[in-house]
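We count ligands from 1, going down the list as the structure has it; atoms in each ligand are counted the same way.
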Amino acid sequence: MSNSPLFLKALSGERTERPPIWMMRQAGRILPEYRALRASLSGFKELVETPELAAEATCQPIDRLGVDAAIVFSDILTVPEGLGLPYEMIPGFGPKFPKTIESPADLDKLVGPQDAADSLEYVYGAVAASVKRLNGRVPLIGFAGAPWTIFCYMIEGQGSKTFSKARKWLMQEPVASQRLLNLIADTTAIYLKAQIAAGAQAVQLFDSWAGVLSPKLYHEFALPASRRTLAQLSDEQTPRILFAKGASHSMGLVEEADAYGVDWTTPAASARAAYGDLTVLQGNLDPAALYGTPENVSTEVNAMLKDFGPHHIANLGHGLYPDTQLPAVEAFVETVKAFRYADAAAFAK
Ligand code: CP3
């Protein structure tokens with residue numbers, strides 16, 4: 001048994017006495033101290049772009065909730081900005097890009113991968129400042145959006161229920177789509193390597209909008225682009241987590257990650273059937289389960305932990321919703337921390 005932190009132990013495939021826990025979107029959103037920090041500033045981007053402030057937001061859930069990993073406070077939209085499409089974060093609306101990709105000719109105006117990644121120095125600063133402030137308490141996760149999800153924002157310029165404009169591009173401009181996905185994939189690989197160099201001990205790729213694609217288009221475009229990014233990180237000795245929300249039809253098709261996120265619509269048994277018992281899986285509590293009472297949360301969480309069995313990282317099946325109440329979140333964390341595989345009848349060998 002190594003002395004490495006629980007989260008890294010689990011990611012490396014070692015058996016642990018309980019699963020580690022962290023929550024997607026744990027930095028910010030639900031914490032009053034995050035809202036206070038945010039209210040003292042001009043906006044979201046000031047927080048993302050000022051390493052000391054980002055580090056403060058990164059550490060808030062560690063101080064408050066006692067989770068086993070931190071995720072750097074940043075956003076997936078830094079990469080499109082680096083590529084030449086700046087974003088605005090509009091309160092009550094979400095992200096908005098004043099400029100988008102409208103035609104294949106627009107691709108010629110974008111920045112190249114190395115220059116794009118080099119322009120995101122403030123993110124590497126946020127990683128380094130977060131590691132320093134964490135002071136060894138828990139490992140730090142770096143992250144990026146997966147190429148398809150970033151492609152969606154670069155074409156649409158804002159959120160969408162269907163991302164039909166982005167899907168129209170795949171149909172009508174397949175060659176230009178491929179070119180843009182490759183550009184994003186290569187930029188993202190350099191970007192994640194730089195986060196690792198700055199101290200990130202694991203990285204996660206968020207393919208939040210994988211679920212709007214048919215399996216065919218997912219296989220043709222999104223999946224190869226994610227693999228292209230992940231493959232470029234294979235020499236880094238840093239675990240890679242892929243979270244492709246809504247793509248459970250394709251579980252088991254990517255080999256380049258060290259752990260796979262499972263969304264809440266996917267039964268643990270289906271994920272285990274697709275990936276096997278030894279693959280590290282992360283997830284998948286329904287974020288809406290946290291609207292239940294702490295007792296209900298605890299029951300649901302224990303059932304989830306038994307369903308996944310070992311080689312599991314406890315998490316949600318997508319990010320925390322902003323109106324989630326703290327007692328439910330605390331019940332999630334406490335239930336996971338009290339769990340022991342050895343006590344769970346199904347695993348007592
Ligand atoms: O996990 C963490 O808490 C780390 C920080 C983090 C943020 N965004 C901070 C943030 C992470 C990992 C993200 C990822 C992200 N950003 C994703 C992928 C994960 C997912 O939820 O699917 C996506 C799609 C985005 C794009 C984005 N950023 C949207 C759609 C919005 C607006 C609505 C929202 O989700 O809150 C943001 C803003 C944003 N990013 C906030 C935070 C804390 C809220 C902004 C604020 O405080 O004003």
Side-chain angles (χ1 to χ4, degrees), residues 21-50 53-62 64-65 67 69-81 85 87-97 123 126-127 130 134 138 140-154 156-161 163 166 188 191-192 195 200 202-212 226 241-247 261 263-264 282-284 287 313 315-324 329:
I21 175 169
W22 70 281
M23 276 164 278
M24 292 187 279
R25 311 302 297 271
Q26 68 187 17
R29 281 197 147 180
I30 61 155
L31 296 179
E33 54 271 36
Y34 170 77
R35 293 197 198 105
L37 174 64
R38 174 77 173 69
S40 71
L41 304 170
S42 64
F44 177 72
K45 290 184 85 169
E46 184 183 354
L47 188 43
V48 165
E49 291 167 13
T50 313
L53 297 176
E56 189 176 337
T58 301
C59 292
Q60 285 173 344
I62 311 309
R64 164 78 80 142
L65 302 169
V67 286
I71 181 161
V72 63
F73 189 86
S74 188
D75 202 89
I76 64 168
L77 304 176
T78 55
V79 166
E81 179 152 302
L85 303 183
Y87 70 94
E88 293 165 7
M89 196 58 78
I90 301 175
F93 176 78
K96 177 105 192 141
F97 289 79
V123 178
V127 169
S130 296
L134 285 167
V138 292
L140 181 73
I141 306 167
F143 73 90
W148 161 248
T149 290
I150 298 305
F151 178 100
C152 284
Y153 284 106
M154 292 179 78
E156 305 251 356
Q158 60 185 65
S160 160
K161 283 207 171 83
F163 288 100
T188 303
Y191 178 61
L192 289 175
Q195 291 186 40
V203 291
Q204 175 159 321
L205 209 51
F206 285 89
D207 210 352
S208 302
W209 313 129
V212 302
S226 285
I241 308 168
L242 174 64
F243 175 55
K245 181 175 175 280
D263 68 49
W264 79 88
Q282 176 176 282
N284 76 340
I313 295 166
N315 204 315
L316 296 166
H318 194 201
L320 275 165
Y321 297 135
D323 61 345
T324 307
V329 175

Requested in this report: Among L47, V48, T58, find the residue that satisfies the side-chain contact (heavy atoms from CB on, under 4.5 Å) test when tested with L53.
Outcome: L47
Query raised in the report: According to the interplanar angle, ranging from 0 to 90°, do the rings of F143 and F206 count as parallel (below 30°), tilted (30 to 60°) or perpendicular (above 60°)?
Result: perpendicular
Tell me whether [X] contacts the main-chain N or O of [Y] through its side chain, where contact means a donor paired with an acceptor under 3.5 Å.
X    : Y    : value
N284 : D263 : yes
Q60  : E33  : yes
R29  : L320 : yes

Output, or 'none' if empty, a list of ligand 1-protein atom pairs in which both atoms are N or O and the distance is under 3.5 Å, rounded to 0.1 Å.
from	atom 1	to	atom 2	distance (Å)
ligand 1	1 (O)	R25	N	2.8
ligand 1	3 (O)	Q26	N	3.2
ligand 1	3 (O)	A27	N	2.8
ligand 1	3 (O)	A27	O	3.1
ligand 1	8 (N)	R25	NE	3.4
ligand 1	8 (N)	R25	NH2	3.3
ligand 1	8 (N)	D75	OD1	3.0
ligand 1	16 (N)	D75	OD1	3.1
ligand 1	16 (N)	D75	OD2	3.3
ligand 1	21 (O)	R25	NH1	2.8
ligand 1	21 (O)	H318	NE2	3.3
ligand 1	22 (O)	S208	OG	2.5
ligand 1	22 (O)	H318	NE2	2.6
ligand 1	28 (N)	D75	OD1	2.8
ligand 1	35 (O)	R25	NH2	3.3
ligand 1	35 (O)	R29	NH2	2.4
ligand 1	36 (O)	R29	NE	3.4
ligand 1	36 (O)	R29	NH2	3.0
ligand 1	40 (N)	R25	NH2	3.1
ligand 1	40 (N)	D75	OD1	2.7
ligand 1	47 (O)	Y34	OH	2.5
ligand 1	47 (O)	R38	NE	3.1
ligand 1	48 (O)	R38	NE	2.9
ligand 1	48 (O)	R38	NH2	2.7

Query raised in the report: Taking the six-membered ring for Trp, is the centroid-to-centroid distance between Y153 and Y87 below 6.0 Å?
Result: no
